[in-house]
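Below is one structure, written out as structure tokens, with a few remarks after it.
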Amino acid sequence: SLSLSLTQLHTQHTQLVPVLFLGHFFRVCPSGYLRVRQRDTCVCGNMADAYPVRLCEKPLRFLPVNHDTSVFFDEANKQVFTVRDGATSVTVSSVQTSRHITLSLPHRGPVISMKFSLDQRVLAVQRTPKTIHFINVQDADRTEYSQSCKTKNSTHLLGFNWTHQNEIVLITNQGLELYHVNPEKRSLKSLKTFSVSVNWFVYSHDSRLLFLSSSPQANVLHPFHFKGGGVTKLTKFEVELPSLYNHTSQKLMERDVTIATIYGRLYVVLVKNNPKGAPGPRAEIVLCQLAKSEGATKAHSLLLDVNGRFAVNIVDNLIVVHHQASKVSHRHELIVYLSTHAHVSPPPSPVKTSCLFDIRWNTGRPDYDTRPGASHVLLHKPIVTSLPIAPVQLPPVNASTLADSKSSTIEPVPCELYSANWIVFQPDIIIDAKLGALWTVSVQPEALAKRMQDKAQLVDLLLRRTGCKKLILRVVAQAMDKGTRCKLSTIAKIFDQFSAVCRELMASNQGSEASKEEKRRNISIVIDQSDLYQSVFSPLEEKDDVPYKFMVAVLVDYIRSLNAYGIVVQHYLYELVINLLVRNNRYYQLHQFLQYHVVNDSKHVACLLLSLESTYPPAFQLALDMLKRLSTANEEIFEGLLSKNQLLAALRYMRSLGQEAMATISARRFLDAALKTDESMFFTVFRFFEERNRSLRGRPDFAPGEGCETYVLKFNSLFGGSEQGPQTSATALVASNLGSSKA
């Protein structure tokens, strides 16, 4: 539960009725309006696909807060506790499951807060400012046992949190107390205590980090990190307040501090409103990166153009900053995103606008803070403006699914965006206790794609979002399609973004396991060559309205990008380039691409060139030259020469390879091709291999495994035996036919 307090509202002739909500008393007017000041008062959007920020379609429903019902939320287990009739009936609803838990507890006073242990076996209930009661919910008798603050009489509880299984921390105005809970013995054991004067606290269960605020201005933060069985105190740090606030009447508020994990790194998110006339932006979201030994270091500043009260959500490494005063919502990406209320009764609603920020967005050059002592801080300005969101409406629900209720159905309820009743919990939860609804917030990349005109910037944004691979490929295809075609320079930037991610992926497979994990956290989506070939290049090639010159230029630019990032180009990209050039009779350009190695050497490309000989005869020699440069394609060279019946050229090439290579070459296919040519050629080839055998084994006979017996008999029948006739004449004939080894 969050530390909340009452808004001091000056009203006339208004009777306020006390209501307990989220561990604090609130007041409801007879008209039903809940007057409350929350730590995180927020807004959100609706579920239409045209809007970037939306709430889930099926919110978690629970009985709304009223005179007889109190509601609590547990951030660790994502559970909503509805307490009715004082404390006799408790209904527990969870974000993670549709199953509801109902408990009956004895009435022993009003409940301030309650939370389940992480294994759901022990329920912790706070009824007084000094004591926590524990109940083993699986026991039949449910006997309570308790733990009180063990420090001074003036000590009182500010809150408590379960840190690990059977471990709980009590936060008081004098420090913290960590205990181990033994459900079997119904007792607690003290593990660690720290003494510090505490104004308020902020806890993140995901990171197990607790921040205690101290000092008169509440701007000194003491971080604590919890591990199983213990807690570590980290380096404290002081939050700098605007110069106008350097007196005790102004303090750092709990609602302006959030702990967030963004791109795998821990940050303290601080909302700072600058006084009128002060240098710099009207307001800013400051991100301080946490380190064990150095405390928090200011790293990023997200600039806002309005002052007021803000609340923060983290959605897919995006920071959604909600602004209540002007009823707009800023979304940072780091994204800051301004969302707006689309329907307000008179008087007229505020300006409906939005802004988008991304600290990893490539703007060409970094923009650093020029204020004194902040030269290392990156500034982030809006990427996209005018992004309104639409209101939502709660769907009807059967009240019996919530708890016992006199009415059978709760009708659809319109939701006021940026309502004073809305409260934000991390990372992506919004609760309206007056309506009895809990939503999760999501960001719609499809809506962003419709708003952002610069496709390179859009792709850069989407590459860090989960589940956007198909959308990215669709954006790239549109960037090359007729009517929505982008400049080649923009497409080149997109290709470089893809190649950079692929190189990061290759680098993530090297180094220590810790470094591998760190590198992989930065990679959300990988668009490789096969993805682009199947989803973009191949469909584009089949369209008649795409100029082949543009298509070739795009492919060559992608090949350039892959080579620049040290990525091996797959053969099907080269084949696509060659087929486009051949289809349009651009043989001279093809010859240049091969000559200047725009198309790199490979067996696949060489085989394709061999198949093009009928339409472009020089392709045969280009293919042989490429195979020769590869030095690993001797078999393919022999096949090409034999298919052209160039036996003597094949023998010359074989002789140039040396005896070691010649020993591995089968003579049978050469003898077969020679026999089909003429007797003179057969004689020359046969004698060549006899000479080879003599140099290898000291005798001209073929090895039994070569399968040349048929050709030996044929030679004997034609020429009277391999040893008959003058050897010098035969050798001279072979030499004259083959020429020198360098021919």
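Because only heavy atoms are used, hydrogens play no part in the values below, and waters and symmetry mates are left out as well, while side chains stay in. Just so we're clear, the structure is a prediction, and the values are computed from it rather than from any experiment. The chain is numbered in sequence order, starting from 1.
At least one side-chain heavy atom of Val459 sits less than 4.5 Å from a side-chain heavy atom of Phe498. A heavy-atom distance below 4.5 Å is not found between the side chains of Pro52 and Gln444. For the pair Glu636 and Leu630, the minimum side-chain heavy-atom distance is 4.5 Å or more. Between Tyr711 and Leu713, the closest side-chain pair of non-hydrogen atoms is not below 4.5 Å. Between Thr466 and Ile525 the shortest side-chain heavy-atom distance does not fall below 4.5 Å. Between Phe682 and Phe719 the shortest side-chain heavy-atom distance falls below 4.5 Å. In this structure, Leu648 and Val685 have side chains that are not in contact, with every pair of non-hydrogen atoms separated by 4.5 Å or more. Residues Ser717 and Lys714 have side chains in contact (heavy-atom distance under 4.5 Å, counting atoms from C-beta outward).
Side-chain contact annotation: Ser561 with Asp496, donor-acceptor N/O pair under 3.5 Å present. Side-chain atoms of Asp625 and Gln621 form a donor-acceptor pair, as typed in the model, at a separation below 3.5 Å. In summary, the side chains of Asn579 and Arg583 do not present any donor paired with an acceptor at a separation below 3.5 Å, with no hydrogens or angles considered. There is no side-chain donor-acceptor pair under 3.5 Å between Asp206 and Ser204.
Annotation: the span from Ile578 atom CD1 to Leu609 atom CG amounts to 5.0 Å, rounded to 0.5 Å. Here the OH-OG distance, from Tyr263 to Ser524, works out to 7.0 Å after rounding to the nearest 0.5 Å. Taken to the nearest 0.5 Å, the CG atom of Leu532 stands 8.5 Å off from the CG atom of Leu573. Atoms CG and CZ, on Leu647 and Phe688 in that order, are 11.5 Å from each other to the nearest 0.5 Å. Rounding to the nearest 0.5 Å gives a distance of 10.5 Å between CG of Asp601 and CG of Leu622. Here the CD1 atom belonging to Ile472 is positioned 8.0 Å from the CG atom belonging to Leu458, to the nearest 0.5 angstrom.
Scanning both residues, Glu446 and Leu471, for their nearest heavy atoms gives N-CD2, 3.9 Å. Shown here for Gln659 and Ser695, the closest heavy-atom pair between the two residues is NE2-CB, 3.6 Å. Pairing each heavy atom of Cys486 with each of Ile491, the nearest pair is O-CD1, 4.0 Å. Closest non-hydrogen pair, Leu641 versus Leu624, comes out as CD2-CD1, 3.8 Å. Considering every non-hydrogen atom in both Leu473 and Val536, the closest pair reads O-CG2, 3.8 Å. Closest non-hydrogen pair, Tyr565 versus Ser499, comes out as CD1-CB, 3.5 Å.
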Next item on the list: Show the numbers, then the answer: is there a side-chain contact (heavy atoms from CB on, under 4.5 Å) between Thr261 and Ile314?
Entry: CA-CA 8 Å; Thr261 301; Ile314 309 298; over 6 Å; no
Note to self: I'd like to know whether Phe715 forms a side-chain contact (heavy atoms from CB on, under 4.5 Å) with Glu679, so could you lay out the CA-CA distance, the side-chain angles of the two residues, the decisive distance to 0.1 Å, and finally the verdict.
What the structure shows: CA-CA 9 Å; Phe715 186 87; Glu679 293 181 358; over 6 Å; no
Notebook entry, point to check: When you look at Thr490 and Asp454, which way does the side chain to side chain donor-acceptor pair (under 3.5 Å) test go after all the steps?
Noted result: CA-CA 8 Å; Thr490 301; Asp454 191 316; 5.4 Å; no
Item checked: Intermediate values then yes/no, side chain to side chain donor-acceptor pair (under 3.5 Å), Asp678 and Ser680 -> CA-CA 6 Å; Asp678 56 50; Ser680 176; 4.6 Å; no
Next item on the list: Might you work through the side-chain contact (heavy atoms from CB on, under 4.5 Å) test for Lys227 and Arg208, ending with a clear yes or no?
Entry: CA-CA 8 Å; Lys227 295 183 179 180; Arg208 303 302 201 275; over 6 Å; no
Check: After noting the C-alpha distance and the side-chain angles of Leu657 and Asn634, does the key distance pass the side-chain contact (heavy atoms from CB on, under 4.5 Å) rule?
Finding: CA-CA 9 Å; Leu657 298 176; Asn634 294 330; 3.8 Å; yes
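Cation-pi check for Lys644 over Phe620 is met; the charged atom lies under 6.0 angstrom from the ring centroid and within 45 degrees of its normal.
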Going by atom type alone, with no hydrogens or angles, which donor-acceptor pairs under 3.5 Å involve a side-chain atom of residues 589-599 and a protein atom two or more places apart or on another chain?
{"unit_1": "His591", "atom_1": "ND1", "unit_2": "Tyr616", "atom_2": "OH", "d": "3.1"}
{"unit_1": "Gln592", "atom_1": "NE2", "unit_2": "Tyr588", "atom_2": "OH", "d": "3.2"}

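Legend: residues meeting side chain to side chain donor-acceptor pair (under 3.5 Å) with Glu635, ordered by chain and number and at least two apart, are Arg669.
Ring centroids of Phe702 and Phe686 are separated by less than 6.0 Å, placing the two rings close together. Tyr653 and Phe638 have their aromatic ring centers within a separation under 6.0 angstrom. Checked against the 6.0 Å centroid criterion, the rings of Tyr572 and Phe537 do not qualify as a close aromatic pair.
Glu706 has a carboxylate O that lies under 4.0 Å from a charged side-chain N of Arg692, or vice versa, which qualifies the two as a salt bridge. With respect to Lys482 and Asp545, no salt bridge is recorded, no charged nitrogen being found less than 4.0 Å from a carboxylate O. In summary, Arg699 and Asp701 engage in a salt bridge, as defined by a charged side-chain N under 4.0 Å from a carboxylate O. Using a 4.0 Å cut-off between charged side-chain N and carboxylate O, Asp672 and Arg668 make no salt bridge. Comment: Asp316 does not engage Arg464 in a salt bridge, judged by the lack of any side-chain N to carboxylate O separation of less than 4.0 angstrom.
Taking the six-membered ring for Trp and thresholds of 30 and 60 degrees, His300 and His380 have ring planes inclined between 30 and 60 degrees apart.
Here the side chain of Gln529 pairs a donor or acceptor atom with the backbone of Gln570 at under 3.5 angstrom.
At most 12 heavy atoms of other shown residues, nucleotides or ligands fall within 6.0 angstrom of atom NZ in Lys628. Around CZ of Arg629, the count of heavy atoms belonging to other residues, nucleotides or ligands within 6.0 Å exceeds 12. Within a 6.0 Å radius of NZ in Lys493, no more than 12 heavy atoms belonging to other residues, nucleotides or ligands are found.
Sorted by first then second residue, the side chain to side chain donor-acceptor pair (under 3.5 Å) pairs that include residues 547-557, not counting sequence neighbours, are Tyr548-Arg586, Asp557-Arg560.
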